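Remarks on the structure that follows.
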Amino acid sequence: MTGSHGERRSAVSGTTPKVPGTYVFDAAESRRGRALNRLCGSLKDPGNRARFSADEAAYCAAYGLTAEQRDAVLRRDWNRMMELGGSIFYVFKLAVLDQKSMQYLGGVFTGMTTEEFTEALRAGGRSFG
């Protein structure tokens, strides 16, 4: 979300801690991302994966995604899915359908390549101070 001056605002509640550079998945985000997360969670079923793959837009419509969520899914805009209430635990099911690893997503989320992200993990992770 953006404020009146174009700055990025968080949709988290006033009691949710704000952690710079992260998406805090609180109750408000859970509600906002419910349809998106239900769709992604449904992909654990092979029949649903086949239906999704046959007509992704229709599958998104059947789950009642917002236009923004549908666009993010169809474009595989992983960061946008997270911004729109996606939970990594559900969004990852879509990534797996595309044969993407958790390290791939970690790279996307941190601006690294998959290899750079994997090496950072092997070296003990990122330092926050």
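Since the model is a prediction, treat every value here as computed from it, not as a measurement.
- The shortest non-hydrogen separation linking Ala35 to Gly64 is CB-O, 3.9 Å.
- One distance of note links CD of Gln69 with CG of Leu36; it measures 5.0 Å at 0.5 Å rounding.
- Phe117 places none of its side-chain heavy atoms less than 4.5 Å from the side chain of Phe109.
- Among pairs with a residue in residues 58-69, those fulfilling salt bridge (charged side-chain N to carboxylate O under 4.0 Å, His left out) read Glu68-Arg80, at least two apart in sequence or across chains.
- For the pair Asn37 (side chain) and Ser87 (backbone), a donor-acceptor distance under 3.5 Å is present.
- Screening residues 97-125 for salt bridge (charged side-chain N to carboxylate O under 4.0 Å, His left out), with sequence neighbours left out, gives Arg76-Asp98.
- The shortest distance between side-chain heavy atoms of Asp71 and Asp77 does not fall below 4.5 Å.
- Between Val73 and Phe52, some side-chain heavy-atom pair lies under the 4.5 Å cut-off.
- For Asn48, the side chain to side chain donor-acceptor pair (under 3.5 Å) criterion is met by Arg51, not counting sequence neighbours.
- Residues passing the side-chain contact (heavy atoms from CB on, under 4.5 Å) test with Leu74 are Glu56, Ala57, Cys60, Arg70, sequence neighbours excluded.
- The shortest heavy-atom contact between Met82 and Ile88 is CE-N, 3.7 Å.
- Contact record, Thr110 with Gly106: OG1-O, 2.7 Å, taken as the closest heavy-atom pair.
- Here the CZ-OH distance, from Phe92 to Tyr104, works out to 12.5 Å after rounding to the nearest 0.5 Å.
- Take Tyr90 and apply the ring-ring contact (aromatic ring centres under 6.0 Å, His included) test, not counting sequence neighbours, and it matches no residue.
- In this structure Tyr63 satisfies the ring-ring contact (aromatic ring centres under 6.0 Å, His included) test together with Tyr59, sequence neighbours excluded.
- Between the CG atom in Leu105 and the CE atom in Met81 there is a gap of 8.5 Å [rounded to 0.5 Å].
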